[in-house]
Amino acid sequence: LVLNELAKEVEENLRSPICCIMGHVDSGKTKLLDCIRGTNVQEGEAGGITQQIGATFFPAENIRERTKELQANAKLKVPGILVIDTPGHESFTNLRSRGSNLCDLAILVVDIMRGLEPQTIESLNLLRRRNVKFIVALNKVDRLYGWEKSKNAPIRKTMMQQTGDVVKEFKMRLNRVQNQFQEQGLNSMLYYKNREMGETISILPASAISGEGIPDLLLFLVQWAQKTMVEKLTYVDKVQCTVLEVKVIEGHGITVDVVLVNGVLREGDQIVVCGSQGPIVTTIRSLLTPYPMNEMRVTGTYMPHREVKAAQGIKIAAQGLEHAIAGTALHVIGPNEDMEEAKKNAMEDIESVMNRIDKSGEG
Ligand code: GDP
């Protein structure tokens, strides 16, 4: 019984997995995110989804609602999924390489009509180098000739409603994509047939326009994460946090946008950030996020928080951040921690960021 309770507690103490979306330009990364976010907004309820700093948070409740047709009462042990939504962002090229490091898992988007393209392969290699697990969203299935749309339906259900000709074209294109992955040294398979996850990559057909396959995508990500990444996702007290960007915001001065990967950040925390002119020691003045999506009227202003628990995207306002360096870690100095040690640790990060950029030609 004690063990059971312990197991339960561990279960309940998981943070949200962080997922990034990668792929060739125009494969539908932005549209896919819009689609996941959009349905509920159009129906007048954001379902708790919050658009954050460089990220969107999808709460478990929302995911349950979206996936109930696929699997009723799915067991969701994580609070939600945090999707890093950098496509189209000015520093996307930076975040793409750094971002994939923060990510627990990734969606690699492939346009079914176009197959693997140069940036697909580039993303693929980046993910492999960083050892990030990913699923392939084979997007734009609605463009197959004669496709019968079925809004937001699970993919197997919608596939059963297609004519023989459509299914034939689908299989032909799927096959081509599988061969292209094979050329990259990867076995791949439709996700619901894949029994060797980890060895063989999963392909999930979807449409960002009609929402088909989106329930599958959401459920897959959550279940995959909670099945294979429990250790990584177990919530810890030690803060793990990465600076994405340094920005001037009216009314708040210089701020840093961060992704809090694990732990808690609190107003008043003393932090060390890596700076171009040495370590920056400062105190968190405010922890800010945009207002929830259903409060459009307050766009452009930020909601303050006393504390924020991982995983979340947050804007931090504090003094002295002007020389902070994007891509490095933010550390919280604990009551028993040695300040000099903390500063030294903070600055070690800059070397690893630089080395990484030099070695891989990213950045
Ligand atoms: P990104 O560059 O990867 O972010 O691609 P976008 O999301 O901007 O999409 C590129 C174009 O493809 C846009 O015109 C989208 O409307 C279109 N598109 C994206 N997903 C789909 C899809 O599932 N079906 C169809 N028919 N068009 C799509």
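Each ligand, and each atom within it, is numbered from 1 in the order the structure gives.
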task = With heavy atoms only and a cut-off of under 4.0 Å, state how D142 meets ligand 1: side chain, backbone, both or neither.
result = side chain
key: Under 4.0 Å to a heavy atom of N139 - the qualifying atoms of ligand 1, by number   =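 Listed by number with element, the hits are 20 (N), 21 (C), 23 (O).
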ask   = Can you list the ligand 1 atoms lying under 4.0 Å from a non-hydrogen atom of H24?
value = 3 (O)
query = Got a sec: does the CZ of R285 have more than 12 other heavy atoms crowding it under 6.0 Å?
reply = yes
ask   = Do K133 and T228 touch side chain to side chain, with heavy atoms closer than 4.5 Å?
value = yes
message = Is there a side-chain contact between P59 and F57 in this structure, where contact means two heavy atoms from C-beta onward sitting under 4.5 Å apart?
response = yes
Before signing off on this row, confirm whether [X] and ligand 1 have an N or O atom pair separated by under 3.5 Å.
X    : answer
D26  : yes
V25  : no
A208 : yes

key: Pairs meeting criterion side chain to side chain donor-acceptor pair (under 3.5 Å) with involvement of residues 138-150, two or more places apart   =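 Listed by first then second residue: D111-K140, D142-S207, W147-E212.
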query = Below 4.0 Å from any atom of ligand 1, is there a heavy atom belonging to G23?
reply =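 Under 4.0 Å: no for G23.
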key: Ion pair K344/E340, N-O distance below 4.0 Å   =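 Looking at K344 and E340, the cut-off is not met.
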Ignoring hydrogens and angles, write down the donor-acceptor pairs under 3.5 Å from the side chains of residues 178-187, residues two or more places apart or on other chains.
| from | atom 1 | to | atom 2 | distance (Å) |
| --- | --- | --- | --- | --- |
| Q178 | NE2 | S188 | O | 2.9 |
| N179 | ND2 | N175 | O | 3.4 |
| Q180 | OE1 | L116 | N | 2.9 |
| Q182 | NE2 | N187 | OD1 | 3.1 |

task = Check each of E212, K31, K140 against atom 11 (C) of ligand 1 and report the one with the nearest heavy atom.
result = K140
